[in-house]
Structure formats: structure tokens, C-alpha cells
Amino acid sequence: MTANATRVLVLNSGSSSLKYQLLDMADGARLAVGLVERIGEETSRLAHTPLATGGTKREREEAIADHDAALQAVAQELGADGLGLDSPELAAIGHRVVHGGQKFTEPTVITDEVLAEIERLIPVAPLHNPANITGIRTAQALRPDLPQVAVFDTAFHTTMPESAARYAIDVETADAHRIRRYGFHGTSHAFVSRETARLLDKDPSEVNVIVLHLGNGASASAVRGGRCVDTSMGLTPLEGLVMGTRSGDLDPAVILHLSRNAGMSVDEIDSLLNKKSGLIGLCGDNDMREIRRRIDEGDEQAALAFDIYVHRLKKYIGAYYAVLGRVDAVAFTAGVGENAAPVREAAVAGLEELGLVVDAGLNAIRSGEARLISPEYARVAVAVVPTDEELEIATQTYALVSS
Ligand code: AMP
């Protein structure tokens with residue numbers, strides 16, 4: 001790596017999408033951001049914004065057959081802005097990898113062995129790891145000389161004690177099939193818990209934080225002194241909070257009941273719980289903006305969906321309060337957490353005895369900055385902390401390759 005190689009390309013490959021950001025780690029500046037959607041379909045779409053040159057968003061609609069073609073198209077767009085992937089200033093490519101199992105506790109330079117292990121984890125991440133592997137292979141083909149780093153969604157949660165990570169099922173069966181609670185959104189929980197400590201002017205090792213990552217997918221975590229001690233997602237991202245389209249927690253016997261009595265196949269139940277449940281299953285909408293609009297118009301179904309969402313959230317705040325014993329801050333993040341003041345207000349309502357209070361005026365302020373929304377006298381800080389998974393992936397990638 002040359003001394004002036006300070007750029008990191010962050011790639012987040014989904015089954016039919018490729019999100020990317022190019023960052024300069026000399027100052028953390030975002031040079032370009034973009035997204036390729038509908039890869040493999042008749043018309044794919046590429047949206048690219050060259051922030052470095054102050055350029056506006058460019059969009060292309062054309063057939064992009066696979067991830068290889070998608071990355072080629074991205075490279076072309078970057079090249080047009082003088083940010084080409086052949087640049088000596090590019091230090092590494094950082095890949096978001098969803099499942100790292102128990103093995104990957106840190107960001108890891110990708111070797112053949114590492115790739116083989118990510119492949120071995122496909123049975124526990126059938127939707128995500130294959131797409132991540134495709135992204136890695138594609139990037140390796142384009143720049144075989146460059147370090148490629150995997151940053152795992154599960155890594156931050158590998159510090160969970162066995163008491164939190166194990167399900168209470170037969171140990172031999174669990175071990176034979178790698179069944180345990182891994183947790184996801186780890187990059188976000190790591191970033192937000194650290195930023196919350198910074199907001200409180202404390203070292204992460206000094207604070208206990210409950211992080212509520214509320215996006216379309218949603219998860220909570222209990223972070224003691226910078227280390228995760230519990231999180232709400234489990235073997236897969238299905239467990240825990242009510243999400244946009246996922247049910248979160250339910251009695252496992254619901255699955256048996258659907259299979260035995262409703263005649264549903266495993267794939268149908270999978271689709272029901274992951275894609276047709278949560279907010280969308282409860283009221284037909286998974287966007288919190290739309291749900292709030294409907295509630296304002298007196299829609300009872302939307303109001304009930306909101307109440308179920310908040311009830312589950314409150315249960316997790318209480319549970320993680322008990323797990324941590326002492327809580328310094330509760331941090332809201334991601335699309336809903338950062339933007340939906342009514343969710344924040346309702347989640348904390350009635351928890352004054354626990355030291356949790358939200359100031360209505362502060363909660364109503366819209367801002368892209370990390371901020372406190374609790375009054376000064378409150379025992380527990382309530383914060384809104386915008387997450388930045390790409391910056392976190394780039395930071396971890398750069399730290400690894402420049403050390
Ligand atoms: P994410 O997965 O973090 O991108 O979050 C996406 C979700 O955030 C959307 O489905 C919406 O429910 C929610 N969201 C985004 N913007 C707002 C907003 N201004 N108010 C309420 N909810 C929002």
C-alpha cells in the first residue's frame with residue numbers, strides 16, 4: 001500500500017442489489033455513493049452521486065446481468081469522476097458480510113480460507129451470505145492485488161455470554177447445526193454505542209447503553225462498557241422486535257401449528273414470517289410515516305400496529321435494563337429511530353421510575369446530528385444517534401490494512 005492510499009470502497013451486496021460508497025479515510029470524506037438495483041432483471045437501475053466533485057445524482061436504466069456487470073458499471077461511473085478503481089489511492093475494499101458465525105470476531109482480510117468459511121456459514125444465512133460472497137469474488141476479479149476485508153454484522157455480538165447466546169434446547173442438536181443466537185446489525189450497534197459515549201463525553205468503557213436500531217429491520221442491544229452482552233436478533237434476523245415485514249418474537253409452536261393445521265410448507269411459513277408479518281402484516285404498511293399518517297386520520301388498524309410495535313420495544317428496554325443493571329443511555333437509531341419522534345416518545349412513556357424521560361421539545365427537533373432528547377435532570381440519557389454503517393466498515397477496513 002502506498003502512503004497516499006487512503007481511500008476505501010465499501011460494498012454491500014444483496015441478492016439483487018449492490019450498494020457502495022467510496023470514502024477517503026484521511027478525513028472521513030465521502031467521495032461517491034450509489035446503488036445498483038434489480039440486478040439480473042430486464043431493467044436494472046444504477047444511481048450514482050459523485051460527492052467529491054459536487055456533482056448531482058446520475059441515473060442509468062439498463063440491463064445489468066449480474067454482480068460482475070454491476071461492479072463494472074460502478075467502476076465506469078467512478079472512473080468518469082476521476083475516482084476509478086484502478087487508482088493507486090485506493091487502499092482496500094471493505095465488504096459487509098452478514099454472517100460470520102462464532103469464528104469471525106473481528107474484521108478480517110479475505111483469503112481463500114476466509115471465503116470458504118463464509119461459504120460454510122450459508123446454511124445459517126441462506127439469504128445473505130451467498131450475495132456477499134458474489135460481491136467479494138467480483139471485487140477480487142476486478143482488483144486482485146488489493147486487500148479485501150470482510151466486516152461482519154455478527155462480530156460485535158460475539159462478546160455475548162453463553163447465557164445470552166444459547167437457546168434452551170438440546171445442546172448436541174444445537175451444536176451439530178450451529179444453532180445459537182448470533183445477532184445482526186453489529187456494525188451499527190458498535191458505531192452507535194461508541195457515538196453515544198462520545199455524546200456523553202465519556203469513554204465507551206465507562207458507559208452502559210441500550211441501542212435501539214429501528215429500521216425496516218430492527219434490533220436492540222445491551223452494551224456494557226463497549227461490549228455487547230445481549231441482542232434481540234438470534235440465529236437469523238427474524239427474532240426480537242416487531243419489524244417492517246418480520247414478526248420478531250413468537251411462540252415457536254406457531255410454526256408447528258401453521259405446518260400441521262394450516263397445511264403451510266416451510267417455505268410458505270418462512271415467507272409469511274419474514275416478508276408478510278411485522279407492521280406490513282398487521283396493517284398493510286411497513287413505512288412508519290404512512291402508519292403515522294393513517295393514525296392521524298383515525299385508522300384503528302394502523303394504531304393497533306403501532307401499539308404492538310411499541311409494546312415489544314418497551315419490553316426489550318425493560319429486559320436490557322435488567323440485564324445491564326445500570327443504564328447510562330438509551331440510543332435510538334436507523335430510519336424509524338432517527339426520524340419517528342412518536343415512536344421514541346411512546347417507547348419511553350411511563351418509564352420515569354427507571355430514570356427515562358423524553359423532553360417533548362427536544363424530541364420534536366429534526367436534525368441529522370447525534371443529540372440528547374432527555375431533559376438535563378434525567379438519570380438516563382435518551383439520545384438520537386444517526387447510524388453510519390458504511391463509515392464504520394471503512395474505518396475498520398482501513399485500520400486493518402494500514403496497521
Ligand atoms: P432503514 O432500514 O434504516 O433505512 O429505515 C427505513 C424505515 O425508516 C422506513 O421503512 C420507514 O418506516 C422509516 N422512516 C424513514 N424516514 C422516516 C420518517 N421521516 N418518519 C418516520 N419513519 C421514517
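If you're wondering where the values come from, they're calculated on a predicted model, not measured in any experiment. Counting convention: from 1, in listed order, for ligands and their atoms alike.
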Which atoms from ligand 1 have a heavy atom of Asn286 less than 4.0 Å away? 10 (O), 12 (O)
Taking every heavy atom of Ser259 against every heavy atom of Ile269, the minimum-distance pair comes out as N-CD1, 3.9 Å
Backbone N or O of Leu354 within a donor-acceptor pair of the Tyr321 side chain at under 3.5 Å? yes
Can we say Arg294 and Asp287 salt-bridge, meaning some charged N sits less than 4.0 Å from an Asp/Glu carboxylate O? no
Nearest non-hydrogen contact with atom 8 (O) of ligand 1 belongs to which option: Pro386, Ala334, Gly335? Gly335
Can you tell me how the ring of His213 sits relative to the ring of His189, calling it parallel under 30°, perpendicular over 60° and tilted otherwise? tilted
With no hydrogens and no angle check, do the side chains of His48 and Asp81 hold a donor and an acceptor under 3.5 Å apart? yes
Given the ring of Phe306, does Arg292 sit roughly above its face, with NZ or CZ under 6.0 Å from the centre of the six-membered ring and within 45° of the axis? yes
In terms of residue, atom name and distance, what is the protein heavy atom nearest to atom 11 (C) of ligand 1? Asp287 OD1, 3.4 Å
Atom indices of ligand 1 within 4.0 angstrom of Gly215 heavy atoms, with elements: 1 (P), 2 (O), 3 (O), 5 (O)
Pair Asp249-Tyr316, side-chain donor/acceptor within less than 3.5 Å: yes
What protein heavy atom lies closest to atom 19 (N) of ligand 1? Include the residue and the distance to one decimal. Asn339 CB, 3.4 Å
Output the list of atoms in ligand 1 that are nearer than 4.0 Å to some heavy atom of Asn216, sorted by atom number. 1 (P), 2 (O), 5 (O), 6 (C)
Which residue and atom name correspond to the protein heavy atom nearest atom 13 (C) of ligand 1, and how close is it? Val336 CG2, 3.6 Å
Note: heavy atom closest to atom 15 (C) of ligand 1, options Arg289, Arg293, Arg366, belongs to Arg289
Any protein heavy atom under 4.0 Å from atom 4 (O) of ligand 1? no
In terms of its nearest heavy atom to atom 22 (N) of ligand 1, the top option of His185, Met243, His213, Met288 is Met288
